[in-house]
J.: 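Below you will find the structure I want to go over with you.
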Amino acid sequence: MTEPAFTPASAFLGRLVERGYLNQGTDLTALDARLVEVEKGQRAPLIAYIGFDCTAESLHVGSLIQIMLLRHWQQCGQKPIVLMGGGTTRIGDPSFRDDSRPLLDDATIERNMAGIRRVFERFLTFGDGPTDAIMVNNADWLDELAYIPFLRDYGRHFTINRMLSFDSVRLRLEREQPLTFLEFNYMILQAYDFVELARRHGCSVQMGGSDQWGNIVNGVELGRRTQGLELFGVTSPLLTTASGAKMGKTAQGAVWLNPESLSPYDYWQYWRNTEDADVGRFLRLFTDLPEDEIGRLESLPGAEINQAKKLLADHATTLCHGAEAAAEARHTAETTFEQGGSGEALPTVPVPRAELGAGIPAYALMVTAGLAGSNKEARRLIAGGGGRLNGALIEDANRPITIEDLDAAGQIKLSAGKKRHALVIPA
RNA sequence: GGAGGGGUGGCCGAGCGGUCAAAGGCAACAGACUGUAAAUCUGUCGGGUUUUCCCUACGUAGGUUCGAAUCCUACCCCCUCCA
């Protein structure tokens, strides 16, 4: 557990504490000492892993803190392993959930894994070097597990009594939600993953979100009991916004890290709209900016805090999508919001020139532009004063929009409210 | 296997023969206020070209009624207690 006055000597743990990544860890003092030895060149880099589910074809902002943990780990001269849960995803982590996850088929898992791999390549350096990241898939060993030998070798180290006492299981049972035996095995397999990674790759540290604490501790103990290994666990805090909402949800859904799932412009916007109270915290967690700079930014008064939000958006987007995409997103945002214009990175919707020539009712165009889910919703939006055409309020939902409405740049800017815009271009 | 309770809109949760597209809350969207923030207030919140009209919807399939989310039958699923 975390010692209250723990002051780490190692670069890595020092950074975690300073930047707010540390929730708790097993024997942090010993881990700190090992890390220092590496820094002094007295031992080879330590190897840490974090496991990721393959439940979607991209990771989202909720996993970003974990990705950043691996990134800092690598920057501090240690070696990261990204563990893809190709095997465990077929079971579904029951931690703190009331319902079972839907079981995914192998093809879907495979596809998801490919999408997730690309995200990591932006945050970590992969390769064969001593501190290069590697990616492994736990299906490689879980798929071929033999049931009886596995039970005999590992099952005997788990008591049901203890497993039932873990919050992740206990809370579910207390709420009288069913927990299947399949899901119940998840924690055993995750513990086994840790031991297997130690054996195969010499991995000695597992990190993860605080909801993984129970699973991580199980792995540490299993390693000690079965092979006398000294393993460590480190968790990061569960993140919520200052107003208490879970991170990573927006109107359009999850904030994906993959440009196909969420455009860099929308990603930039997500960070730009951070609540005032979160700016400092997020700068520390999701950018590489130095502490003194962050201190200055987070104390900007009143509306000036918006400068800090832009920098947050710039740096977070650069990490995830590259500097070019970030610059374009910022440019688009500034022309759209500060000059009332429209930048290139706004979503564009091609509409056949002939249809525009004939005129399309405003409500219908809102729908094709993706700004409303149905004609009715579009009408409501316009009736409520939320529809704009090239910046001007749309009074009548039936008002035809034609080529006459093309602006100087040859496009039509449609807006739903102040933040959602789309460009209609004749095709 | 026996007894009882329950399955309602994105979620929670009322309704228990017409006045029900279904109270209330949350979430969401828009408006006002602002700073592309938070909080607050207002409006909207199944679909249909603007609708005193139509369609779809209250686990599934039938039925009784002029009329059902509400009653009946069968089936599926969940929960509780007993065995």
Side-chain angles (χ1 to χ4, degrees), chain A residues 97-100 102 172-180 240-255 265-283 297-314 316-317 329-343 345-346 355 358-389 391-401 413-422:
Chain A
R97 300 181 118 252
D98 280 348
D99 307 317
S100 306
R172 176 114 157 223
L173 294 177
E174 275 175 5
R175 264 175 290 152
E176 297 179 341
Q177 301 292 339
L179 176 71
T180 64
T240 54
T241 67
S243 40
K246 253 190 204 156
M247 269 205 73
K249 286 286 164 92
T250 66
Q252 332 301 326
V255 180
Y265 168 72
D266 286 322
Y267 191 76
W268 194 93
Q269 278 295 316
Y270 172 74
W271 294 107
R272 170 61 184 81
N273 283 302
T274 295
E275 295 176 28
D276 287 8
D278 288 326
V279 170
R281 201 158 52 103
F282 287 0
L283 280 167
L297 288 170
E298 71 179 333
S299 53
L300 287 173
E304 283 179 48
I305 193 84
N306 286 331
Q307 294 311 312
K309 292 184 190 181
K310 284 190 190 180
L311 281 170
L312 169 61
D314 282 349
T317 308
R330 182 185 189 132
H331 177 71
T332 292
E334 285 180 342
T335 54
T336 306
F337 287 97
E338 291 167 26
Q339 294 149 37
S342 40
L346 290 179
E355 285 184 34
I360 304 173
Y363 72 87
L365 197 57
M366 296 288 279
V367 174
T368 45
L371 296 173
S374 67
N375 292 348
K376 196 154 189 165
E377 190 184 319
R379 286 179 186 285
R380 260 188 241 123
L381 189 67
I382 294 171
R388 283 173 188 274
L389 169 65
L393 198 67
I394 302 174
E395 308 274 355
D396 176 10
N398 290 321
R399 173 203 194 287
I401 294 178
K413 181 175 151 198
L414 271 183
S415 316
K418 288 177 190 138
K419 290 190 195 169
R420 293 154 57 217
H421 309 277

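Chain naming here is simple, since letters A, B, ... match the order of the sequence lines and numbering starts at 1 in each. No hydrogens, no waters, no symmetry mates; every other heavy atom, side chains included, goes into these values.
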J.: Using the P atom as the reference point in each nucleotide, state the distance between rC58(B) and rG46(B) in Å, no decimals.
T.: 16 Å
J.: For Ser374(A) and rG47(B), is the shortest distance between a side-chain N/O and OP1 or OP2 below 4.0 Å?
T.: yes
J.: Using a heavy-atom cut-off of under 4.0 Å over every strand shown, decide if Asn273(A) touches base, sugar-phosphate, or nothing.
T.: base
J.: Between Leu393(A) and Arg388(A), which heavy-atom pair has the shortest distance, and what is it?
T.: N-NH1, 3.8 Å
J.: Can you tell me how far P of rA38(B) sits from CG of Leu300(A), to the nearest Å?
T.: 18 Å
J.: Would you kindly give the CD1-to-P distance between Ile394(A) and rG31(B), to the nearest whole Å?
T.: 12 Å
J.: Please state the C1' separation for the pair rC78(B) and rG59(B) - nearest whole angstrom.
T.: 11 Å
J.: Starting at atom CG of Leu365(A), determine the distance to atom C1' of rU49(B), rounded to an integer number of angstrom.
T.: 15 Å
J.: Mind checking if Thr336(A) touches a base, just sugar-phosphate, or nothing, with heavy atoms under 4.0 Å?
T.: nothing
J.: If I pick the P atom on rC71(B) and the same atom on rA14(B), what distance separates them, to the nearest angstrom?
T.: 16 Å
J.: Heavy atoms only, 4.0 Å cut-off, all strands: where does Ala416(A) land among base, sugar-phosphate and nothing?
T.: sugar-phosphate
J.: Contact between Tyr265(A) and Thr317(A) at the side-chain level, heavy atoms closer than 4.5 Å - yes or no?
T.: no
J.: Without decimals, in angstroms, what is the distance between Glu275(A) CD and rU36(B) P?
T.: 16 Å
J.: Any side-chain heavy atom of Leu300(A) within less than 4.5 Å of one from Val279(A)?
T.: no
J.: Looking only at atom P, what distance separates rC53(B) and rG2(B), rounded to whole Å?
T.: 50 Å
J.: Distance between the P atoms of rU52(B) and rC45(B), in whole angstroms?
T.: 14 Å
J.: Apply side chain to side chain contact (heavy atoms under 4.5 Å, CB included) to residues Asp276(A) and Lys309(A) and explain how you reach the verdict.
T.: CA-CA 8 Å; Asp276(A) 287 8; Lys309(A) 292 184 190 181; 2.7 Å; yes
J.: Let me know the distance between CD of Glu377(A) and P of rG46(B), rounded to the nearest Å.
T.: 10 Å
J.: Under 4.0 Å between a side-chain nitrogen and a carboxylate oxygen: does that hold for Glu338(A) and Arg272(A)?
T.: no
J.: What's the CD-C1' distance between Glu298(A) and rA38(B), to the nearest Å?
T.: 17 Å
J.: Taking atom C1' in both rG18(B) and rG67(B), what distance in whole Å separates the two?
T.: 6 Å
J.: Tell me whether the side-chain N/O atoms of Arg420(A) come closer than 4.0 Å to OP1 or OP2 in rA28(B).
T.: no
J.: Considering only the P atoms, how many Å lie between rC77(B) and rA28(B), rounded to the nearest integer?
T.: 36 Å
J.: Side-chain contact, heavy-atom cut-off 4.5 Å: Ile382(A) with Arg399(A)?
T.: no
J.: Less than 3.5 Å between a donor and an acceptor, one on the side chain of Lys418(A) and one on the base of rU34(B), is that the case here?
T.: yes
J.: Quick check: on RNA chain B, is the nucleotide nearest Lys376(A) upstream (toward 5') of the one nearest Ala303(A), or the reverse? Name the residue that is more 5'.
T.: Ala303(A)
J.: Could you give the distance separating rU8(B) and rU56(B) at their C1' atoms, to the nearest angstrom?
T.: 15 Å
J.: Quick one: Arg379(A) CZ to rC29(B) P, roughly how many Å, whole number?
T.: 22 Å
J.: Could you check whether Arg380(A) gets within reach of a base, just the sugar-phosphate, or nothing at all, counting any heavy atom under 4.0 Å?
T.: sugar-phosphate
J.: With a non-hydrogen cut-off below 4.0 angstrom, is Glu304(A) in contact with a base, only sugar-phosphate, or nothing?
T.: nothing
J.: Can you figure out which of rC29(B), rU49(B), rG47(B) approaches the side chain of Leu381(A) most closely?
T.: rC29(B)
J.: Quick one: the dot-bracket string of RNA chain B, using Watson-Crick and G-U wobble pairs with both distances under 3.5 Å, [ ] for crossing pairs and | for bases paired to another strand.
T.: ((((((((.[[[..)..(.....]]].(((((.......))))).(((....)))...[[[[[..)....]]]]]))))))).
J.: Which pair of non-hydrogen atoms, one from Ser415(A) and one from His421(A), has the smallest distance, and what is that distance?
T.: OG-ND1, 2.9 Å
J.: State, yes or no, whether a side-chain contact exists between Met366(A) and Glu377(A) at a heavy-atom distance under 4.5 Å.
T.: no
J.: Side chain of Asn375(A) only, heavy atoms from C-beta on: which candidate in rA32(B), rA37(B), rG48(B) is closest?
T.: rG48(B)
J.: Starting from the 5' end of RNA chain B, give me the residue, Gly373(A) or Asn306(A), whose nearest nucleotide shows up first.
T.: Asn306(A)
J.: Heavy-atom distance under 4.5 Å between the side chains of Leu297(A) and Gln307(A), does that happen here?
T.: no
J.: Starting from P on rU49(B), measure out to CG on Asp396(A) and report it in whole angstrom.
T.: 15 Å
J.: Look at all strands and tell whether Trp268(A) reaches a base, only sugar-phosphate, or nothing, counting heavy atoms closer than 4.0 Å.
T.: base
